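Scroll down for the structure; my scribbles are underneath it.
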Amino acid sequence: QVQLVESGGGLVQAGGSLRLSCAASGRTLRSYAMGWFRQAPGKEREFVASINRSGTNTYYTDSVKGRFTISRDNAENTLYLQMSSLKPEDTAVYYCAAGPGPGWSDYEYHTWGQGTQVTVSP
């Protein structure tokens, strides 16, 4: 079974950038499609982006298209989310997930990280 650990969250001003990482251990990342999800206070968890096993196909929710980029390095067993032009509404706990994927539904992912907090100030 794979274990996932996110890092790279923090406090940033609106318009700034952050890069989140998701390190996998226990099993090679190339076995799974991967996704990023987020949950803001008082809201349900929502899909952000996903990527297929080889990294050739990526998918984004409309609100982050053109600002966020998902990528993976299977040799390093790491998933990334480059976030630019951040907005206060991007504030949330961000989770990486592994599974058959690479769709937008929680049910396509069976392993989740513990999350990393991203806070965007106005």
Side-chain angles (χ1 to χ4, degrees):
Q1 186 73 312
V2 65
Q3 291 83 43
L4 304 173
V5 178
E6 303 95 335
S7 61
L11 173 64
V12 63
Q13 288 188 329
S17 299
L18 281 174
R19 188 176 80 157
L20 305 183
S21 299
C22 173
S25 61
R27 191 169 177 178
T28 179
L29 204 60
R30 69 177 74 248
S31 300
Y32 306 99
M34 300 294 296
W36 285 101
F37 291 75
R38 66 187 179 186
Q39 187 168 21
K43 295 187 177 181
E44 292 188 355
R45 186 165 59 191
E46 66 172 353
F47 170 79
V48 176
S50 63
I51 188 167
N52 67 347
R53 289 184 294 176
S54 63
T56 54
N57 294 318
T58 57
Y59 308 90
Y60 299 92
T61 192
D62 285 346
S63 63
V64 308
K65 284 180 181 177
R67 300 189 298 121
F68 290 11
T69 302
I70 188 171
S71 63
R72 64 192 297 161
D73 186 336
N74 286 340
E76 294 294 326
N77 246 16
T78 304
L79 174 74
Y80 300 100
L81 186 68
Q82 178 67 48
M83 306 186 293
S84 302
S85 301
L86 283 161
K87 305 175 181 180
E89 51 264 44
D90 295 317
T91 295
V93 177
Y94 284 70
Y95 300 90
C96 65
W104 56 268
S105 171
D106 286 18
Y107 296 107
E108 298 185 59
Y109 303 90
H110 51 62
T111 301
W112 296 78
Q114 83 291 347
T116 186
Q117 176 70 47
V118 172
T119 303
V120 184
S121 62

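The analysis underlying the following values was restricted to heavy atoms, covering all of them including side chains, and did not include hydrogens, waters or symmetry mates. Only a predicted model underlies this, so the values are computations on that prediction, with no experimental measurement involved.
The environment of Glu89 atom CD is dense: over 12 non-hydrogen atoms of other residues, nucleotides or ligands sit within 6.0 angstrom.
Among pairs with a residue in residues 25-61, none fulfils disulfide (SG to SG under 2.5 Å), at least two apart in sequence or across chains. Sorted by first and then second residue, the disulfide (SG to SG under 2.5 Å) pairs with a member in residues 27-93 form an empty list; sequence neighbours excluded. Evaluation of the disulfide (SG to SG under 2.5 Å) test over residues 30-79, restricted to residues two or more places apart or in two chains, returns none. Applying the disulfide (SG to SG under 2.5 Å) test to pairs two or more places apart or on separate chains, those with a residue in residues 79-122 are Cys22-Cys96.
Cluster annotation: Trp36 and Val64 are assigned to the same hydrophobic cluster (Ile/Leu/Val/Met/Phe/Trp/Tyr, side-chain heavy-atom contacts under 4.5 Å, transitive).
A pairwise comparison of heavy atoms in Gln82 and Ser17 identifies NE2-CB, 4.1 Å as the closest pair. Pro100 and Ala33 make their closest contact through O-CB, 3.4 Å (heavy atoms, listed as atom of the first residue, atom of the second, distance). Scanning both residues, Leu79 and Gly35, for their nearest heavy atoms gives CD2-O, 4.0 Å. A pairwise comparison of heavy atoms in Pro88 and Ala14 identifies CD-CB, 4.1 Å as the closest pair. Considering all non-hydrogen atoms of both residues, Ala98 and Met34 come closest at CB-SD, 3.5 Å. The two atoms that bring Leu20 and Gly9 nearest to each other are CD2-N, 3.6 Å, heavy atoms only.
The closest donor-acceptor contact from the side chain of Thr56 to the backbone of Ser54 lies at 3.5 Å or more, if one exists at all. Within the 3.5 Å criterion, the main-chain N or O of Ile70 finds a donor-acceptor partner in the side chain of Tyr60. In terms of modelled atom types and a separation under 3.5 Å, the side chain of Asn74 and the main chain of Arg53 share a donor-acceptor contact.
Trp112 forms part of a hydrophobic cluster together with Phe37, Phe47, Tyr59, Val93, Tyr95, Trp104, Tyr109, judged by ILVMFWY side-chain heavy-atom separations under 4.5 Å.
For Thr119, the side-chain hydrogen bond (donor to acceptor under 3.5 Å, both in side chains) criterion is met by Gln117, not counting sequence neighbours. Under the side-chain contact (heavy atoms from CB on, under 4.5 Å) criterion, Ser121 pairs with Leu11, Gln13, not counting sequence neighbours. Applying the side-chain hydrogen bond (donor to acceptor under 3.5 Å, both in side chains) criterion to Lys65, with sequence neighbours excluded, gives Asp62. A search for side-chain contact (heavy atoms from CB on, under 4.5 Å) contacts involving Asp90 returns Arg38, Arg67, Phe68, Leu86, Lys87, Tyr94, Val120, not counting sequence neighbours. Under the side-chain contact (heavy atoms from CB on, under 4.5 Å) criterion, Ala24 pairs with Val2, Leu4, Leu29, Asn77, sequence neighbours left out. Residues satisfying the side-chain hydrogen bond (donor to acceptor under 3.5 Å, both in side chains) criterion with Arg19, sequence neighbours excluded, are absent altogether. Looking at residues two or more places apart in sequence or on another chain, you find a side-chain contact (heavy atoms from CB on, under 4.5 Å) between Ser25 and Gln3.
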Legend entry - Audit row: Glu46, Thr61, side chain to side chain contact (heavy atoms under 4.5 Å, CB included) steps and yes/no: CA-CA 9 Å; Glu46 66 172 353; Thr61 192; 5.5 Å; no
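In this structure, the separation between OG1 on Thr116 and CD on Glu6 is 7.0 Å, given to the nearest 0.5 Å. If you take CG on Asn57 and CD1 on Ile51, they are separated by 8.5 Å, rounding to the nearest 0.5 Å. Summarising the geometry, atom CZ belonging to Arg72 is positioned 13.5 Å from atom CG belonging to Leu81; distances are rounded to the nearest 0.5 Å.
Contact annotation: the side chain of Arg45 approaches that of Asp106 to within less than 4.5 Å [non-hydrogen atoms, C-beta and beyond].
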